[in-house]
J.: 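Submitted below is the structure of interest, expressed as structure tokens.
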2 protein chains.
Amino acid sequence: MNYELLLREHKLKVTPQRLGILTLMQNAGHLDVEELFVLIKKQFSSISLATLYKNINAMLENSLITEIKIPRHKSKYEIAKEPHIHLLCQKCNEFIDVSVNIDSLVDEVSMKSHYQLMDSSIVLCGVCEKCQAL
Amino acid sequence: MNYELLLREHKLKVTPQRLGILTLMQNAGHLDVEELFVLIKKQFSSISLATLYKNINAMLENSLITEIKIPRHKSKYEIAKEPHIHLLCQKCNEFIDVSVNIDSLVDEVSMKSHYQLMDSSIVLCGVCEKCQAL
DNA sequence: TACTAAAGGATAATAATTATCTTTTAAGAG
DNA sequence: CTCTTAAAAGATAATTATTATCCTTTAGTA
């Protein structure tokens with residue numbers, strides 16, 4: 001993914017800090033603000049927490065990234081992608097994506113409610129395979 | 001629903017404040033902390049915000065109520081009930097429940113991920129029927 | 001290379017939540 | 001029906017999370 005281009009398309013300046021944040025999200029997956037701050041500090045030791053927040057908000061507004069609100073946990077952020085489902089292991093806190101087609105669910109809900117649906121936030125909680133074995 | 005009994009079962013004292021909070025949640029549906037505080041103040045003018053928070057947390061820990069985390073909105077609380085789906089209208093902010101069987105979705109996710117799933121948090125966002133007409 | 005609006009950095013302010021302490025009260029024992 | 005006590009209420013301080021402000025720096029463009 002070319003983040004420089006993506007930022008420019010949204011009339012956001014391409015700064016090293018922004019590229020760093022986006023790259024971190026891509027590589028490290030689902031991170032909360034605190035985790036992001038620790039990691040980004042390694043690259044930009046003088047980066048301000050305010051800068052991180054401002055960038056997160058700017059990128060959210062432009063749909064470059066998505067906030068995932070998770071029951072009993074802090075919000076995590078990820079590069080925006082096709083709608084998918086999130087899984088949380090309640091034992092080890094592993095947090096992963098799983099790609100499942102949710103069209104039939106959305107259709108059924110749409111039918112029943114007469115809502116025109118465009119967005120989904122789905123988090124399923126349980127126990128991952130490893131933790132089941134313990 | 002007999003809330004007195006429910007509270008006792010969880011070894012929580014039955015206080016007028018608690019009964020008031022639960023009754024409000026039952027009658028008014030999905031409320032955030034601020035909305036709850038305004039409403040409960042009408043019944044208990046001297047109630048403290050701390051009391052509200054402490055009760056929300058105690059009831060959450062005992063699964064009497066559920067917190068619903070909603071993209072771009074404050075958390076709302078509802079009486080715990082069977083798993084269901086939440087709908088948010090992005091225009092008028094209407095927030096409703098819709099009961100849809102999610103077993104097949106959960107089964108599919110479980111199959112693919114080998115997670116043993118017990119809990120779900122599903123919020124779909126779109127435009128309600130009324131707002132579509134505008 | 002120079003200009004300017006946007007972004008960065010430092011820090012203050014605000015908002016949300018939790019902790020602490022004292023007083024009150026629900027619940028059970030006698 | 002008292003008495004006792006642990007839990008809960010209420011008031012407020014402390015903490016945490018987030019946003020706003022202000023000045024400096026820099027990316028983008030002429």
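The figures that follow rest on heavy atoms only: side chains count, while hydrogens, waters and symmetry mates do not. A, B, ... follow the sequence lines: proteins, then strands. Residue 1 opens every chain.
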J.: Judged by each residue's nearest nucleotide on DNA chain D, which is more toward the 5′ side, B:Ala50 or B:Gln17?
T.: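 Upstream on the strand: B:Gln17.
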
J.: Would one find more than 12 heavy atoms of other residues, nucleotides or ligands at under 6.0 Å from atom CD of B:Gln26?
T.: yes

J.: Counting side-chain heavy atoms from CB outward, which of C:dA19, D:dG10, C:dT11 is closest to B:Ser48?
T.: D:dG10

J.: Considering only C:dT17, C:dA7, C:dG8, which nucleotide approaches the side chain of A:Thr51 most closely?
T.: C:dG8

J.: For B:Leu12 and A:Asn57, take the nucleotide of DNA chain D holding the closest heavy atom to each; which residue's nucleotide lies nearer the 5' end?
T.: B:Leu12

J.: Would the number of heavy atoms belonging to other residues, nucleotides or ligands and lying under 6.0 Å from NZ of A:Lys41 be above 12?
T.: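 Yes, because the 6.0 Å sphere around NZ of A:Lys41 holds more than 12 heavy atoms from other groups.
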
J.: Tell me whether the OP1 or OP2 atom of D:dT18 has a side-chain N or O from A:Tyr53 closer than 4.0 Å.
T.: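 The answer is yes; a side-chain N or O of A:Tyr53 sits under 4.0 Å from OP1 or OP2.
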
J.: For C:dA7 and A:Asn55 - does any side-chain N or O of the residue sit under 4.0 Å from the phosphate oxygens OP1/OP2?
T.: no

J.: Going by heavy atoms in the side chains, are B:Leu88 and A:Tyr115 under 4.5 Å from each other?
T.: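 No - every pair of side-chain heavy atoms lies 4.5 Å or more apart.
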
J.: B:Ile47 has a side chain; which of D:dG10, C:dA16, C:dT18 sits nearest to it?
T.: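 The listed nucleotide nearest to B:Ile47's side chain is D:dG10.
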
J.: Quick check on side-chain contact (heavy atoms from CB on, under 4.5 Å): which of A:Val123, A:Ile68, A:Asn93, A:Asp32 does A:His73 satisfy it with?
T.: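 When side-chain contact (heavy atoms from CB on, under 4.5 Å) is applied between A:His73 and each of A:Val123, A:Ile68, A:Asn93, A:Asp32, only A:Asn93 qualifies.
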
J.: Taking atom NZ of B:Lys91 as the centre, does the number of heavy atoms from other residues, nucleotides or ligands within less than 6.0 Å exceed 12?
T.: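 No - once you tally the heavy atoms of other residues, nucleotides and ligands closer than 6.0 Å, there are 12 at most.
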
J.: Tabulate atom names and distances for all N/O pairs under 3.5 angstrom spanning the protein and nucleotides 24-26 of chain C.
T.:
| unit_1 | atom_1 | unit_2 | atom_2 | d |
| --- | --- | --- | --- | --- |
| C:dA26 | O3' | B:Val14 | O | 3.4 |
| C:dA26 | N3 | B:Lys13 | NZ | 3.3 |

